[in-house]
Structures are given as structure tokens and as C-alpha cells.
Amino acid sequence: MSKVLIQPSSRVAGIHLSGANASKTALVILSCEKSNQFALSGVYEKIGSVGTVFSDERLVDILGSEGPFDAVFIDCPLTLPPCARCVRPTCPGAWKCEDVEVAYMLAIQEKIREKNSDSTSNESAQRSKKKKRKPINPQAQRLWDALQNLEHGRGRHLSYNPSMAPLVTRAATLQRRLMSLDVPIILKETSVPLALELFCEQLSLPSEVALEYRKFGVGQERREVIFDAFVESGLHAETFSFEDALLARGSVETFHAFIAAVVAYLHERNQTDQPPRHFSEDGGWVYSPNPAGLIQGS
């Protein structure tokens, strides 16, 4: 059954989570003014620790006072790879592991190997060997990454890497704190680079716009182009604060939170990719805009 379109009074939020000791955490709130439009409702930047109050406490307080929300999305992993979160006292190795998720990932790896061997010529197969493609590894990847690899091939945006481990820890702690609110909040995950790639395709923007939004010198202009495209398409209502708009696209951190909020908005309109029925709840599904879902024009 399709979801009912969000009501005019509903709100969604997007979070950019930074390192525990950084002051770059950001929060963007969108109000859904019509059934097919959203507008900036609030932008919080540089949510760092103040005295003995940690940044997570400040973030929880803001969400608690600004809510309730229909959806809150975050731009970092909410789960670990299956091997990293395993609590078994001994490890027999991936190929002998009884974990269903690990077996699923290894089966995907076999499908990819068969697909490559059937579709490549001898010459291209030799080139492939020279590249030494790394196999799917349940120690360092999640199930969503394996499925993306099967569907799109290597090079698609990976959702997890070892440098993100501190963020996973912080996100897990934040999730527990949000569950203690009078109206609990369940975070959902998105990938901003992947979302931007899809948005640029849907909004007929050059691909370099999605690639250069963080780039020194042109990043600010690229972020403005994307923001303006949402307004011109009719998806973003024109009833927003100019100051909020400057903040939302003024830094990479606030822009990440803005894009996460847009994905949250689309999710409530049933316009994001959904996990397959057999997908593990701990597999770390990363929601992205459905290529056929973005409505251009009111």
C-alpha cells in the first residue's frame, strides 16, 4: 500500500554528523507546506559542545523542542559490517560463517564473478585481471554495498569505510538518546554524494555539479546551483528565509544536512528506494531518491 501524502503541517529533518570533538554537526529542518512542496524551516550550524554539555545533548534538545518529525535522516552509517558487529567468541572464517548476512554477501560476490565472466571478452577479462578487483569483504563492507556492487558495479558510492567508524559509534549513541524522548525518533540513513548524483540527473544538471559541491573555489557556486534547481523545479517552495538559504548552502556541513532532509521529505512521499523484503534489518540500508520519483514542477 502506498503511503499517504504528507500533511501540510508535517516536518522532516536532516542531520550532518561530524566527529565527536568537532563543531561541524549541522541540522536542517524542512516544513512540508503542500503535498508536493517543502520549504526551509530552520538551519542549525556548528552544533558543538558548550562547557560540560556535549554536542549530542544539544542536538537531542533541539530535535526534542522542534519536533515531532515525520522523518529524520542522517548522512553517516548507522550500522557496522557484519564481521565487525559479530559477537561470536570464535571465527571460522567468512566462507564457513553461519551468519546469513555474510552468506548473502558471498553469494552476491559469486554472482558478480559469474556476470563478469559471461559478459566480458578475453581482452577485457585480461584488463580486469590487471586491475585486481577486490572481492566483497564482510569485514569492511555492508550488505547494501554488496547489492550496489551487483547492480551498478564497483565505483558506486560506498556507504562505509574504516575512517567512518567513530561516526558509527556516535550515531549509535545519538540513536539511543533519541529513543528516550517523549516522542522517540528513529534515524534513517542516506548517502549525500549518491543522492546528489541522482538529483542532478533528475534536475537535468551537469554531472560535475554533483562532483564539485565540496571543491574549493567552486563548491559554493555548485551548492547554489543545486539549491536553485530545487526551487525552479517547484519542489522547494519559495516561502523560505533568505538567511536560512544562505546558511543551508553556505558550508558543506549544512548542505549535507539539507540534502539529508530533502531525502527525508521524499521518503515520506514514498519516493525513495526501499530495502528488499529479505534485507537484514542490521544490514544498513541507505535510502536514496527514486530516479522515477522526483516531481519537477508543482
Item to complete: Return the orientation label for the F258 and H236 ring planes: parallel under 30°, perpendicular over 60°, tilted otherwise.
Response: tilted

Discussion item. Contact between V12 and E268 at the side-chain level, heavy atoms closer than 4.5 Å - yes or no?
Written reply: yes

Item to complete: State the OG-CG distance between S233 and L203, to the nearest 0.5 angstrom.
Response: 5.5 Å

Practice prompt. Show the numbers, then the answer: is there a side-chain contact (heavy atoms from CB on, under 4.5 Å) between L178 and V60?
Written response: CA-CA 6 Å; L178 292 172; V60 170; 3.9 Å; yes

Practice prompt. In plain terms, say whether E208 and K215 are close enough for a salt bridge, that is, a side-chain N and a carboxylate O under 4.0 Å apart.
Written response: no

Discussion item. Taking CD in Q139 as the centre, count heavy atoms belonging to other residues, nucleotides or ligands within less than 6.0 Å. Is the count above 12?
Written reply: no

Worksheet entry | Distance in Å, D145 CG paired with I136 CD1, rounded so as to fall on 0.5 Å steps | 9.0 Å

Practice prompt. Please lay out, stage by stage, how E253 and R214 fare under the test salt bridge (charged side-chain N to carboxylate O under 4.0 Å, His left out).
Written response: CA-CA 10 Å; E253 293 79 24; R214 303 175 64 115; over 6 Å; no

Discussion item. Applying the ring pair (Phe, Tyr, Trp, His ring centres under 6.0 Å) criterion to H267, which one of F38, F73, F69 satisfies it?
Written reply: F73

Practice prompt. Would you check, one step at a time, whether the test side-chain contact (heavy atoms from CB on, under 4.5 Å) holds for L80 with Y160?
Written response: CA-CA 8 Å; L80 290 166; Y160 180 90; 3.6 Å; yes

Worksheet item: Side-chain contact, heavy-atom cut-off 4.5 Å: S159 with S191?
Response: no

Discussion item. Side-chain heavy atoms nearer than 4.5 Å, only ILVMFWY residues, links allowed to pass through others: does that put V168 and L17 together?
Written reply: no

Worksheet item: Is T272 close to N290 at the side-chain level, that is, under 4.5 Å between some pair of heavy atoms?
Response: no

Worksheet item: Do V28 and Y44 have side-chain heavy atoms sitting under 4.5 Å apart?
Response: no

Practice prompt. Taking the side chain as every heavy atom from C-beta outward, state whether R58 and T25 have any atom pair closer than 4.5 Å.
Written response: no

Worksheet entry | For L40 against A248, the heavy-atom pair lying closest together | CD1-CB, 4.0 Å

Worksheet item: Would a hydrophobic clustering, with Ile, Leu, Val, Met, Phe, Trp and Tyr connected at side-chain separations under 4.5 Å, put L150 with V102?
Response: no

Discussion item. Using only atom types and a distance under 3.5 Å, with no angle test, would you say the side chain of T173 pairs donor to acceptor with the backbone of T169?
Written reply: yes

Worksheet item: If Ile, Leu, Val, Met, Phe, Trp and Tyr residues are connected whenever their side-chain heavy atoms lie under 4.5 Å apart, and connections chain through other members, are W144 and L106 in the same group?
Response: no

Practice prompt. State, to 0.1 Å, how close Q274 and W285 come at their nearest heavy-atom pair, and which atoms those are.
Written response: O-CZ2, 3.4 Å

Practice prompt. Is it possible for you to say whether L205 and V252 belong to one hydrophobic cluster, with membership spreading through side-chain heavy-atom contacts below 4.5 Å?
Written response: yes

Worksheet item: Going by atom types only, do D273 and S288 share a side-chain donor-acceptor pair under 3.5 Å?
Response: yes

Worksheet entry | hydrophobic_cluster_shared for L181 and L27, side chain cutoff 4.5 Å | yes

Discussion item. What's the separation between atom CG in N149 and atom NZ in K111, rounded to the nearest 0.5 Å?
Written reply: 13.0 Å

Practice prompt. Give the C-alpha distance, both sets of side-chain angles, the deciding distance and a yes or no for side-chain contact (heavy atoms from CB on, under 4.5 Å) between E243 and V43.
Written response: CA-CA 9 Å; E243 290 76 13; V43 180; over 6 Å; no

Practice prompt. Would you check if the side chain of R142 reaches a backbone N or O of P82 as a donor-acceptor pair within less than 3.5 Å?
Written response: no

Practice prompt. Indicate the atoms forming the closest heavy-atom contact of A195 with V263, along with that distance.
Written response: CB-CG2, 4.0 Å

Fill in: Stepwise side-chain contact (heavy atoms from CB on, under 4.5 Å) test for L147 and F279
CA-CA 10 Å; L147 289 171; F279 191 85; 3.7 Å; yes

Worksheet item: In Å and rounded to the nearest 0.5 Å, what is the CD1 to CG distance from I47 to D56?
Response: 10.0 Å

Worksheet, complete the sentence: Closest non-hydrogen atoms of A210 and Y213, given as atom of the first, atom of the second and distance, are O-CD2, 3.2 Å

Worksheet item: For E224, what residues pass the salt bridge (Lys or Arg N to Asp or Glu O under 4.0 Å) criterion, not counting sequence neighbours?
Response: none

Discussion item. With rounding to the nearest 0.5 angstrom, report the CD1 to CZ distance, I226 to F199.
Written reply: 9.5 Å

Worksheet item: Within 45° of the ring axis of F227 and under 6.0 Å from its six-membered ring centre, is that where the NZ or CZ of R249 lies?
Response: yes

Worksheet item: So do the side chains of P77 and M164 get within less than 4.5 Å of each other, counting heavy atoms only?
Response: yes

Worksheet item: Between K46, H256, R170, which is the residue that forms a side-chain contact (heavy atoms from CB on, under 4.5 Å) with S18?
Response: R170

Worksheet item: When the ring centroid of H16 is compared with that of F255, is the distance short of 6.0 Å?
Response: no

Practice prompt. Could you tell me whether the side chain of Y265 and the main chain of A71 form a donor-acceptor pair under 3.5 Å?
Written response: no

Worksheet entry | Residues which pass salt bridge (Lys or Arg N to Asp or Glu O under 4.0 Å) with R85, listed by chain and number, not counting sequence neighbours | E101

Worksheet entry | Distance-minimising heavy-atom pair for S41 and R11 | OG-NH2, 2.7 Å

Discussion item. How long is the straight-line distance from CZ of R177 back to CD1 of I185, given to the nearest 0.5 Å?
Written reply: 11.0 Å

Worksheet item: Any idea which heavy atoms bring I15 and L174 closest together, and the distance?
Response: CD1-CD2, 4.5 Å

